[in-house]
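Input: a single structure, listed below in structure tokens.
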Amino acid sequence: MSIKAVIFDLDGTLLDTLGDLANAVNAAMRHYNFPLLSEDAVCARVGNGVRCLIERSVPAGTEPTVIEDCLKRFQKHYEEHLVERTHPYQGIPAVINAFHTRGVRMAVLSNKYQAAADQLVSHYFPGQMALTRGELAGVPRKPDPTSTHQLLNALGVTAEEVLYIGDSDVDMQTANAAGVTAIGALWGFRDRDSLLAAGAEHLVERPEDLIQLLDRLQLDAALQAFEANGFTSTFCATPAQAADYIASQCRGKTTVFGGSVTLDTLGVYELLKQDNDAHWHWKGDEIITSGDVFLTSANAVSATGEIVNIDGACNRIASSVYGFDTCYVVCGINKLTPDLDSAMRRAREIAAPLNAKRLNKRTPCAVDGTCHDCHSPERICRAMTVIMAPPMRMSHYEIILVGANLGY
């Protein structure tokens, strides 16, 4: 099963909010001359919503009316100062970007009250989260799975297609109650033992480890799906391994290279050109339309087993389906998306703008990186192919996935 969406906890997972939380708690405590709390003490009390945080922070026996006033003072101070000391954990912006380029939808689920959750997400991750869900009246807080199930419905995904990433026992309990995969973040507010005891299925030491975990889970699904669709599929852990493998398959054969940043980066042409009949697709003004092997990349491949390409002159996508005996499609792990829809979005919204900019095209997307579905005479989105199974007239069609970011 491919991973289509990721749900993040907020405090202690995406953002280090402890400094601003502690300041707001102590602002309320100070008004009543209650003992002030250290950041470690506040850390031990978070996770079940702000009311529980305040109830755990005031002295035992405090009157309910005083607790209510402390809660209001906490919220007022926090809303006025919630981005003073708060910051994303190191590596989180790179994780968000990587998930976006891989076509995985993202959402936030927090026990923080809704107004504060909205403010923080819009400030630190503008436009990057599909949904933000905080504490809402009438909806039970985590670890009750109700809010998680509501997010799944809104995102249009099943529990098996979702990773839940959090730093607390509450998060792990929430994930298990909802039937989603529980990922424990060790950089947050709780330790390894408490996360494992609460049901974490995977633990990650650093935010960057989330990218590797997602890729590993997607890769397993993709290799199975490609084989089921009739392709041969191969995984090479490094670019060097990929270059050596491709060269070994092409030696002694007439090999034509489609225009590709990925193949250029791997240096396969240099490995083959000295002792083999190897050519780039364009030979002067001529387009080579037949041969033993066509080597190309793709704008996206899906964990459900499809290959997606956009082209302008269309020679590259034409040769990927007709004219050659064998085709190898070589893609970095960054081009692996959850399904066909996300692969098509990736081709149009990520790969095409980057390639238009690289080729110095005068298109709106080359300027701002956003697809406008324009009618520019220089647009490179002229045709899109979806290859669902090997073409009948080709004897061998192979997908080579590389465990590195390659191309666009």
Legend entry - D9 with K142: basic N within carboxylate O range, under 4.0 Å: yes
Inset, instruction - Indicate yes or no: at least one non-hydrogen side-chain atom of S168 is less than 4.5 angstrom from one of F189. - result: no
Inset, instruction - Could you go through the side-chain contact (heavy atoms from CB on, under 4.5 Å) check for H281 and V256 one step at a time? - result: CA-CA 6 Å; H281 205 195; V256 176; 3.7 Å; yes
Inset, instruction - State whether the side chain of S122 and the backbone N or O of Q119 hold a donor-acceptor pair below 3.5 Å, judged by distance alone. - result: yes
Legend entry - Nearest-0.5 Å distance that lies between atom CD1 in I7 and atom OG1 in T148: 5.5 Å
Legend entry - Test item: T232 side-chain N/O and E398 main-chain N/O as donor-acceptor pair under 3.5 Å: no
Inset, instruction - Determine which pairs satisfy ring-ring contact (aromatic ring centres under 6.0 Å, His included) with at least one residue from residues 41-75, sequence neighbours left out, and list them in order. - result: F74-Y78
Legend entry - Salt bridge E68-K72, side-chain N to carboxylate O under 4.0 Å: no
Legend entry - side-chain hydrogen bond (donor to acceptor under 3.5 Å, both in side chains) evaluation trace for D144 with T146: CA-CA 6 Å; D144 186 283; T146 300; 2.5 Å; yes
Inset, instruction - With rounding to the nearest 0.5 Å, note down the distance linking CG in D20 to CG in L82. - result: 6.5 Å
Inset, instruction - Give a yes or no answer on whether the side chain of D11 reaches the backbone of L18 with a donor-acceptor pair at less than 3.5 Å. - result: no
Inset, instruction - Could you pull out all residues at least two apart from E84 that satisfy salt bridge (Lys or Arg N to Asp or Glu O under 4.0 Å)? - result: none
Legend entry - OG1 on T86 to CG on N23, rounded to 0.5 Å: 9.5 Å
Inset, instruction - Rounded to the nearest 0.5 Å, what's the gap from CG on L131 to CG on L109? Could you check? - result: 10.5 Å
Legend entry - I96 side chain near L14 side chain, heavy-atom distance below 4.5 Å: yes
Inset, instruction - Indicate yes or no for a side-chain donor-acceptor contact from N299 to the backbone of A351 under 3.5 Å, with no hydrogens or angles considered. - result: no
Legend entry - Enclosure of M29 CE (heavy-atom neighbours >12, cutoff 6.0 Å): yes
Inset, instruction - Please round to the nearest 0.5 Å and tell me the distance separating atom CG of N405 and atom OG1 of T262. - result: 10.0 Å
Inset, instruction - Might you point out which heavy atoms bring S297 and S260 nearest each other, and give the distance in Å? - result: CB-OG, 3.4 Å
Inset, instruction - Please say whether more than 12 non-hydrogen atoms of neighbouring residues, nucleotides or ligands are located less than 6.0 Å from NE2 in H100. - result: no
Inset, instruction - Please report the closest heavy-atom contact between A107 and L155, naming both atoms and the distance. - result: CB-CD1, 4.2 Å
Inset, instruction - Just grab all the side chain to side chain donor-acceptor pair (under 3.5 Å) pairs involving residues 376-386, residues at least two apart or on different chains. - result: R362-E378
Inset, instruction - Could you check if a side-chain atom of Y89 sits within less than 4.5 angstrom of a side-chain atom of V95, using non-hydrogen atoms only? - result: no
Inset, instruction - Consider only side-chain N and O atoms of S194 and D169, and report whether a donor and an acceptor are under 3.5 Å apart. - result: no
Legend entry - Reported CD-to-SG distance for the pair E55 and C70, which is rounded to 0.5 angstrom: 11.0 Å
Legend entry - Donor-acceptor side-chain pairing of T101 and N334 below 3.5 angstrom: no
Legend entry - Smallest separation among heavy atoms of A343 and S302, with atom names: CB-CB, 4.3 Å
Inset, instruction - Answer yes or no: is there a side-chain heavy-atom contact under 4.5 Å between Y124 and V83? - result: yes
Legend entry - Qualifying ring-ring contact (aromatic ring centres under 6.0 Å, His included) pairs, either residue in residues 310-361, two or more places apart: F294-F324, Y328-H396
Inset, instruction - For E39, check salt bridge (Lys or Arg N to Asp or Glu O under 4.0 Å) against everything at least two apart and list the hits. - result: R85
Inset, instruction - Could you walk me through whether C43 and R190 pass the side-chain contact (heavy atoms from CB on, under 4.5 Å) test, one step at a time? - result: CA-CA 9 Å; C43 181; R190 299 291 182 265; 4.1 Å; yes
Inset, instruction - Taking the side chain as every heavy atom from C-beta outward, state whether L163 and V104 have any pair of such atoms under 4.5 Å apart. - result: no
Inset, instruction - Not counting sequence neighbours, which residues clear ring-ring contact (aromatic ring centres under 6.0 Å, His included) with F226? List them please. - result: F231
Legend entry - Any side-chain donor near an acceptor of the partner, Q114 and D118, under 3.5 Å: yes
Inset, instruction - Say whether, by atom type as modelled, one donor and one acceptor occur between the side chain of W187 and the main chain of T13 under 3.5 angstrom. - result: yes
Legend entry - Shortest non-hydrogen separation from A356 to C365 and the atoms involved: CB-SG, 3.7 Å
Inset, instruction - Would you check if I183 and L213 make a side-chain contact, meaning some heavy-atom pair closer than 4.5 Å? - result: yes
Legend entry - Beyond-backbone contact of T255 with N276, side-chain heavy atoms, under 4.5 angstrom: no
Inset, instruction - Identify the two heavy atoms, one from A182 and one from N176, that lie closest to each other, and give their separation to 0.1 Å. - result: CB-ND2, 4.4 Å
Legend entry - Stepwise side-chain contact (heavy atoms from CB on, under 4.5 Å) test for M129 and F8: CA-CA 10 Å; M129 298 296 163; F8 290 100; 4.2 Å; yes
Inset, instruction - Verify, without hydrogens or angle tests, whether R56 (side chain) and R45 (backbone) share a donor-acceptor contact under 3.5 angstrom. - result: yes
Inset, instruction - Check G305 against N229 and note the closest heavy-atom contact, atom names and distance. - result: O-ND2, 2.9 Å
Inset, instruction - Apply ring-ring contact (aromatic ring centres under 6.0 Å, His included) to Y113 and list each qualifying residue two or more places apart in sequence or on a separate chain. - result: none
Legend entry - With H31 via ring-ring contact (aromatic ring centres under 6.0 Å, His included) - residues at least two apart: none
Legend entry - Full working for side-chain contact (heavy atoms from CB on, under 4.5 Å) between L186 and L195: CA-CA 8 Å; L186 292 173; L195 292 172; 3.7 Å; yes
Inset, instruction - Taking only Lys NZ, Arg NE, NH1 and NH2, and the carboxylate oxygens of Asp or Glu, determine whether R345 and D341 approach each other closer than 4.0 Å. - result: no
Inset, instruction - Please check if the side chain of R51 supplies one atom and the backbone of L71 the other of a donor-acceptor pair under 3.5 Å. - result: no
Legend entry - Backbone N/O of A366 and side chain of K361: donor-acceptor pair under 3.5 Å: no
Inset, instruction - Apply salt bridge (Lys or Arg N to Asp or Glu O under 4.0 Å) to K4 and list each qualifying residue two or more places apart in sequence or on a separate chain. - result: E161, D339
Inset, instruction - Check whether any side-chain heavy atom of R102 sits under 4.5 Å from a side-chain heavy atom of I211, and report yes or no. - result: yes
Legend entry - T326 side chain to K253 side chain, donor-acceptor N/O pair below 3.5 angstrom: no
Inset, instruction - Applying ring-ring contact (aromatic ring centres under 6.0 Å, His included), name anything that partners Y164, two or more places apart in sequence or on another chain. - result: none
Legend entry - I310 backbone acceptor or donor facing R316 side chain under 3.5 Å: yes
Legend entry - Pairs flagged by side chain to side chain donor-acceptor pair (under 3.5 Å) wherever residues 218-227 is involved - sequence neighbours left out: E227-S233
Legend entry - Sequence-distant partners of R133, salt bridge (Lys or Arg N to Asp or Glu O under 4.0 Å), two or more places apart: none
